[in-house]
Amino acid sequence: MNFDQENRPEILVRVARSSEDIMRAVTVRAIVFMGEQQCPYDEEFDGNDFAGTTHLLAEADGHPVGTLRLRFFAGFGHVGRLAVLPQMRGLGAAQLIVEAAMKLCSQKGYQHLYAQAQKRLVPFWSQFGFEPMGSREHPIVWSDHEYVEMECRLTRLPEALDLDTSDPLILLRPEGAWNRPGILETSVLRGATNPIGASL
């Protein structure tokens with residue numbers, strides 16, 4: 001992949017939906033965090049990649065070029081593990097990934113985001129509305145880097161998913177694809193036959 005400002009690729013960001021997608025995201029993280037930043041394997045792959053987590057994958061011409069991990073807590077979303085391949089930096093991939101993450105969190109109804117930004121990247125995160133967390137502006141250290149805790153407030157979208165107002169079938173649609181009918185909606189046409197299966 002040889003891209004530059006004149007030969008700028010179209011970058012598409014989507015939710016990782018398969019084990020192959022996760023492998024593509026993991027590959028980007030391994031190149032960036034383990035290869036470039038010398039992060040030990042067990043610190044980069046910390047046991048949180050399959051626990052209440054959504055991975056975003058950025059691709060150019062079908063090739064993985066960036067990723068970001070979202071974790072969801074009761075009152076906030078955690079944005080982290082943003083990685084972009086070296087040859088794709090400066091072409092807007094990181095911005096597109098963060099914007100996609102913020103949009104997805106807004107659609108889910110989250111109004112508060114949390115991030116731990118490498119100290120040198122605080123200005124990058126600030127352009128999206130993230131700010132150091134008041135009295136906790138001092139850096140924390142892990143995997144040999146200084147990080148600053150940052151937070152961002154999101155405006156609640158009128159169409160955000162909600163337990164009281166969202167159609168139950170919309171809540172069953174694939175992550176991030178809430179505006180498209182899901183596979184379970186076609187089963188509605190069959191009606192309830194209540195086939196007998198193993199009892200609990």
Side-chain angles (χ1 to χ4, degrees), residues 11-16 22 25-26 28-34 36-39 43-60 64-162 175-176 178:
I11 299 167
L12 301 174
V13 180
R14 62 184 177 85
V15 171
I22 299 295
V26 161
V28 171
R29 282 172 47 190
I31 290 168
V32 172
F33 294 122
M34 293 175 62
E36 282 189 286
Q37 299 184 17
Q38 306 300 306
C39 180
E43 293 178 16
E44 174 52 31
F45 301 103
D46 57 358
N48 286 315
D49 286 316
F50 296 99
T53 302
T54 296
H55 299 269
L56 297 184
L57 183 63
E59 296 172 309
V65 298
T67 187
L68 179 145
R69 182 175 79 183
L70 288 166
R71 296 179 64 212
F72 297 101
F73 297 85
F76 64 96
H78 179 196
V79 180
R81 296 302 201 270
L82 172 62
V84 173
L85 294 180
Q87 64 269 35
M88 293 301 296
R89 293 178 194 151
L91 299 178
Q95 287 83 355
L96 289 173
I97 298 168
V98 173
E99 288 167 0
M102 294 176 75
K103 180 180 178 183
L104 187 136
C105 289
S106 292
Q107 289 174 313
K108 290 184 81 146
Y110 283 89
Q111 294 178 267
H112 193 191
L113 297 183
Y114 171 75
Q116 295 173 346
Q118 285 189 14
K119 193 173 180 181
R120 65 188 176 87
L121 294 175
V122 166
F124 170 82
W125 287 97
S126 295
Q127 69 183 314
F128 301 100
F130 282 84
E131 299 177 348
M133 292 180 64
S135 61
R136 292 162 65 169
E137 289 183 28
H138 62 281
I140 52 176
V141 176
W142 50 272
S143 296
D144 308 311
H145 290 274
E146 286 184 312
Y147 289 81
V148 175
E149 292 180 285
M150 303 187 78
E151 61 184 338
C152 177
R153 298 289 177 175
L154 300 174
T155 302
R156 181 169 174 79
L157 297 176
E159 66 275 15
L161 298 175
D162 182 89
E175 184 83 351
W178 301 291

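Shortest non-hydrogen contact noted between Gly176 and Leu104 is CA-CD1, 3.9 Å. Val28 approaches Ala83 most closely through the heavy-atom pair CG1-O, 3.7 Å. Contact detail for Phe124 and Ala94: the closest heavy-atom pair is CZ-CB, 3.7 Å. Taking both residues in full, the closest heavy atoms of Pro64 and Leu85 are given as O-CD1, 3.4 Å, listed atom of the first, atom of the second, then distance.
Remark: Thr53 engages no residue in a side-chain hydrogen bond (donor to acceptor under 3.5 Å, both in side chains) (not counting sequence neighbours). Contacts of Glu146 classified as salt bridge (Lys or Arg N to Asp or Glu O under 4.0 Å), with partners at least two apart in sequence or in another chain: Lys119. Applying the side-chain hydrogen bond (donor to acceptor under 3.5 Å, both in side chains) rule to Glu131 yields no partners; only residues at least two apart in sequence or on another chain are considered. Among residues two or more places apart in sequence or in another chain, the salt bridge (Lys or Arg N to Asp or Glu O under 4.0 Å) test is passed with Glu175 by Lys108. Glu159 meets the side-chain hydrogen bond (donor to acceptor under 3.5 Å, both in side chains) test with no other residue; sequence neighbours excluded. Judged as a salt bridge (Lys or Arg N to Asp or Glu O under 4.0 Å), and not counting sequence neighbours, the contacts of Arg156 are Asp162. Remark: His78 pairs with Tyr114 by the ring-ring contact (aromatic ring centres under 6.0 Å, His included) rule, at least two apart or across chains. By the ring-ring contact (aromatic ring centres under 6.0 Å, His included) test, Phe76 pairs with Phe73, sequence neighbours left out. Every ring-ring contact (aromatic ring centres under 6.0 Å, His included) that Trp125 has, sequence neighbours left out, goes to Phe130.
In this structure, Cys105 SG and Gln111 CD are separated by 12.0 Å, a value rounded to the nearest 0.5 Å. The line from CG of Leu82 to CZ of Phe33 is 6.5 Å long, rounded to the nearest 0.5 Å. The CG atom of Leu154 sits 4.0 Å away from atom CG of Leu113, with the distance rounded to the nearest 0.5 Å. Once rounded to the nearest 0.5 Å, the distance linking CD of Glu44 with CD of Gln38 reads 12.5 Å.
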For residues 95-103, dump all side-chain donor-acceptor pairs below 3.5 Å to protein atoms at least two apart in sequence or in another chain.
none

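Using a 4.5 Å heavy-atom cutoff, the side chains of Val32 and Gln37 are in contact. Side-chain contact between Val15 and Leu56: present, with at least one pair of heavy atoms (C-beta onward) separated by less than 4.5 Å.
Residue pairs that meet the salt bridge (charged side-chain N to carboxylate O under 4.0 Å, His left out) test with at least one member in residues 45-58, sequence neighbours left out, are Arg29-Asp49, Asp46-Arg69, Asp46-Arg81, Asp49-Arg69.
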